Asker: 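Next up is a structure, given as structure tokens.
In this text, all values refer to a predicted model and were calculated from it rather than measured experimentally.
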Amino acid sequence: MAFQGKTMKALWKKDPTESYTYEELAIPEPGPGDLLVKVLTASICGSDINLYKWNETAKVIATLPFTPGHECVAEVVALGPDCPAEFAVGQRVCCENHFYCGTCYQCTHNEPHICQRLSQYGHGKGTVHGGCSQYSIIPARYAYKLQTDIDNERACLLEPFGVAHQACEGLEPAGDTVLVQGCGAIGLFAIGICKAMGASKILATDIVDEKLELAKTFGADVLINGMKEDLKAAVMRETGNDGAGRLVEASGVAQMLNNCFQLLRKGGHIVAIGLPKSPLHVENPLPDVIFKSLTLRTVHGRKIFSTWEKSEALLFENKVDIMPVISHRFPMSKFEDAFEALFSGQACKIMLDPQA
């Protein structure tokens, strides 16, 4: 193989300590059904904070050792034996990082994205590989072959964008008022997607004015800073005291999820995307939940591969402009600076160049 005996730079975590090491590793050799890819762009997810710090959450969702990075776009440079004929050297692919088993109940009922025995790229689950490396191994069954010529940064962000897309698609926002709680990257994507899907009015709430300004860029009609204004009063004012018909919980703050039921109109729909770290509690379950006859959904990942196809089409057709979400760009060799920006609270989406 042309890459045999050659080396690459990669982030690597082998010890249960904070941060990563920037190491020179052997370029891996693709096995049966594997693609060897050159990583073109990677991005940092908010959940990567757990892996970087190696906190209690990390110990649940990851296994040492591993290379991080579950959001990336790459170019195929070599194919292992028995790869499907649809793949060829030179193609650009993204990685569906939910590695499914193919045999459990969910996998055999068209829900492989929530496989019971889920492994995960960039987390050491079922593979040590991740996108924060110059070259990586992606099994062909989990490789999404790009259908258009969207640029590398947009392609890289298809993974998180797809999470928001699956959430909004199930919410069916067309013609309704939508409240989006939390204006991080996923919340901003949800605003843009709901607007593209025909929501009649979008309310966005956060406690950071800069994030709310981004929400306006993505299509929010009403901005509510929860530190300066009573959220329930604002929602009722904007909905004629009915409450929001559709609600996206993307803050990941347990209190926000606990309180959101009172913001929903009767018969409304909630989708929870954020990741709360503490117990959930509803103060008034009868009037706020049971008697509202509401629908609550949660989302984990993207439908394989239909969500990818729909998400790419939205971006290719410029129905959602996701570029304002990118706040920083770093060479991967400066990964410590990238994570410092993330921890500062001033960053939204951070892009890494693994080749620099």
Asker: Looking at E336, I'd like to know if its CD atom is crowded, meaning that more than 12 non-hydrogen atoms belonging to other residues, nucleotides or ligands lie closer than 6.0 Å.
Answerer: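 Above 12, so yes.
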
Asker: Identify which one of R329, E71, H328 satisfies the side-chain contact (heavy atoms from CB on, under 4.5 Å) criterion when paired with K349.
Answerer: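 When side-chain contact (heavy atoms from CB on, under 4.5 Å) is applied between K349 and each of R329, E71, H328, only E71 qualifies.
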
Asker: Hey, what's the ring geometry for H70 with H123, parallel, tilted or perpendicular (30° and 60° as the breaks)?
Answerer: tilted

Asker: Any donor and acceptor pair, going by atom type alone, linking the side chain of T127 with main-chain N or O of H129 inside 3.5 Å?
Answerer: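 Yes, T127 side chain to H129 backbone: donor-acceptor pair under 3.5 Å.
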
Asker: Any donor-acceptor pair under 3.5 Å linking the side chain of S311 with the backbone of W308?
Answerer: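 Looks like no, no N/O pair under 3.5 Å.
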
Asker: Judged by atom type as modelled, is there a donor-acceptor pair below 3.5 Å linking the side chain of N152 to the main-chain atoms of T41?
Answerer: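 Side chain of N152 to backbone of T41, a donor-acceptor pair under 3.5 Å: no, none is there.
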
Asker: Using the side-chain contact (heavy atoms from CB on, under 4.5 Å) rule, take V178 and C168 through it: C-alpha gap first, then chi angles, then the decisive distance, then the call.
Answerer: CA-CA 10 Å; V178 180; C168 297; over 6 Å; no

Asker: Let me see the working for N258 and E283 under side-chain contact (heavy atoms from CB on, under 4.5 Å), right down to the final yes or no.
Answerer: CA-CA 8 Å; N258 291 342; E283 189 68 33; over 6 Å; no

Asker: Please give me the minimum heavy-atom distance between L342 and I44, naming the atom from each residue.
Answerer: CD2-CG2, 3.7 Å

Asker: Do the rings of F339 and F343 sit parallel, tilted or perpendicular, given the 30° and 60° boundaries?
Answerer: tilted

Asker: Would you give the length of the straight line joining atom CD1 of I326 to atom CD1 of I350, rounded to the nearest 0.5 angstrom?
Answerer: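 Reported to 0.5 Å precision, the distance equals 11.0 Å.
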
Asker: Given H300 and L118, is the side-chain contact (heavy atoms from CB on, under 4.5 Å) satisfied, shown in steps?
Answerer: CA-CA 11 Å; H300 188 207; L118 197 69; 3.6 Å; yes

Asker: So, T205 side chain and I224 main chain: donor-acceptor pair closer than 3.5 Å or not?
Answerer: yes

Asker: So, is the end of the K38 side chain (NZ or CZ) under 6.0 Å from the ring centre of F3 and within 45° of the ring's axis?
Answerer: no

Asker: Closest heavy-atom contact between P84 and A140?
Answerer: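 Closest approach of P84 to A140: CD-CB, 3.6 Å.
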
Asker: Can you establish whether the number of heavy atoms outside I49 located under 6.0 Å from its atom CD1 is more than 12?
Answerer: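 Yes, the 6.0 Å shell around CD1 holds more than 12 heavy atoms from other groups.
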
Asker: So, K195 and D221, do they make that salt bridge, N to O below 4.0 Å?
Answerer: yes

Asker: How long is the span from the OH atom in Y22 to the OG atom in S133, to the nearest 0.5 Å?
Answerer: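 Going from the OH atom of Y22 to the OG atom of S133 covers 10.5 Å.
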
Asker: Would you say the side-chain atoms of E169 pair up with the backbone N or O of T307, donor to acceptor, closer than 3.5 Å?
Answerer: no

Asker: Answer whether the closest heavy-atom distance between the side chains of E29 and L36 falls below 4.5 Å.
Answerer: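 In short, these two side chains do not touch, never coming nearer than 4.5 Å.
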
Asker: Is there a chain of hydrophobic side chains (I, L, V, M, F, W, Y, each step under 4.5 Å between heavy atoms) that links V289 to L264?
Answerer: yes

Asker: Just checking, any donor-acceptor pair under 3.5 angstrom between side chains of T7 and E24?
Answerer: yes

Asker: Within the 4.5 Å heavy-atom criterion, are L179 and Q181 side-chain neighbours or not?
Answerer: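 A side-chain contact exists here, since the closest heavy-atom pair is under 4.5 Å.
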
Asker: What are the two closest non-hydrogen atoms of G122 and L51, and how far apart are they?
Answerer: O-CD1, 3.7 Å

Asker: Nearest 0.5 Å, what's the OG-CG distance between S47 and L275?
Answerer: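 The OG atom of S47 sits 7.0 Å away from the CG atom of L275.
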
Asker: Tell me if a side-chain donor or acceptor on E96 pairs with a main-chain N or O of Y144 at a distance below 3.5 Å.
Answerer: no

Asker: What closest approach, in Å, do V73 and L146 show between heavy atoms, and which atom pair accounts for it?
Answerer: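 Minimum heavy-atom separation between V73 and L146: CG2-CD1, 3.9 Å.
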
Asker: Has K292 got more than 12 heavy atoms of other residues, nucleotides or ligands less than 6.0 Å from its NZ?
Answerer: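 Yes, enclosed.
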
Asker: Is it the case that one hydrophobic cluster holds both V299 and F161, taking links as side-chain heavy atoms less than 4.5 Å apart, direct or via other members?
Answerer: yes

Asker: For atom NZ of K125, is the number of surrounding heavy atoms from other residues, nucleotides or ligands below 6.0 Å larger than 12?
Answerer: yes

Asker: Charged N to carboxylate O below 4.0 Å: is that the case for D149 and R154?
Answerer: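 Salt bridge flag = no for R154 with D149.
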
Asker: Between K9 and Q355, is there a donor-acceptor pair closer than 3.5 Å when you use the side chain of the first and the backbone of the second?
Answerer: no

Asker: Please answer: with hydrophobic residues joined when any side-chain heavy atoms are less than 4.5 Å apart, are V320 and L158 in the same cluster?
Answerer: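 They do share one cluster, since a chain of ILVMFWY contacts under 4.5 Å joins V320 to L158.
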
Asker: Please give me the minimum heavy-atom distance between P28 and M8, naming the atom from each residue.
Answerer: CD-CE, 3.8 Å

Asker: Ignoring hydrogens, what is the shortest heavy-atom contact between A164 and A190? Give both atom names and the distance.
Answerer: CB-N, 3.9 Å

Asker: Taking the side chain as every heavy atom from C-beta outward, state whether H269 and E172 have any atom pair closer than 4.5 Å.
Answerer: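 They are not in side-chain contact.
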
Asker: Return yes if some donor-acceptor pair links the side-chain N/O of R302 with the main-chain N/O of H165 below 3.5 Å, else return no.
Answerer: no

Asker: Are I304 and L314 connected, step by step, through hydrophobic side chains (Ile, Leu, Val, Met, Phe, Trp, Tyr) whose heavy atoms are closer than 4.5 Å?
Answerer: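 Cluster IDs for I304 and L314 match.
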
Asker: I'd like to know if the side chain of N284 and the backbone of P287 have a donor-acceptor N/O pair within less than 3.5 Å.
Answerer: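 No, because the side chain of N284 does not come within donor-acceptor range (under 3.5 Å) of the backbone of P287.
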
Asker: Can you tell me how far the SG atom of C104 sits from the CD1 atom of I114, to the nearest 0.5 Å?
Answerer: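 It is 8.5 Å, given to the nearest 0.5 Å.
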
Asker: Find out if a path of hydrophobic residues (ILVMFWY) with successive side-chain heavy-atom gaps under 4.5 Å connects L223 to M227.
Answerer: no

Asker: Within this structure, what is the NZ-OG1 distance for the pair K14 and T21, rounded to the nearest 0.5 Å?
Answerer: 6.5 Å

Asker: For K277, I'd like to know if atom NZ has over 12 heavy atoms of other residues, nucleotides or ligands within 6.0 Å.
Answerer: yes

Asker: Among D176, V222, I191, T177, which one satisfies side-chain contact (heavy atoms from CB on, under 4.5 Å) with I202?
Answerer: I191

Asker: Take S43 and L157 through the side-chain contact (heavy atoms from CB on, under 4.5 Å) test and state the conclusion after the steps.
Answerer: CA-CA 7 Å; S43 57; L157 295 177; 3.7 Å; yes

Asker: With no hydrogens and no angle check, is any side-chain donor or acceptor of E249 less than 3.5 Å from a backbone partner on G252?
Answerer: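 Yes; at least one donor-acceptor contact below 3.5 Å.
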
Asker: Any donor-acceptor pair under 3.5 Å linking the side-chain atoms of T148 with those of E312?
Answerer: yes

Asker: Flag the pair L188 / P324 as yes when at least one side-chain heavy-atom distance between them is below 4.5 Å, and no otherwise.
Answerer: no

Asker: For the pair F66 and W54, name the ring-plane relationship: parallel under 30°, tilted 30 to 60°, perpendicular over 60°.
Answerer: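 Plane angle between 30° and 60°, so tilted.
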
Asker: In Å, rounded to the nearest 0.5 Å, how long is the span from CG of L247 to CG of L257?
Answerer: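 Spacing of CG (L247) from CG (L257) equals 9.0 Å.
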
Asker: Would you say E340 has more than 12 foreign heavy atoms packed within less than 6.0 Å of its CD?
Answerer: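 Atom CD in E340 is not packed in, count stays at 12 or less.
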
Asker: Is the closest basic N to carboxylate O distance between K216 and E213 below 4.0 Å?
Answerer: no

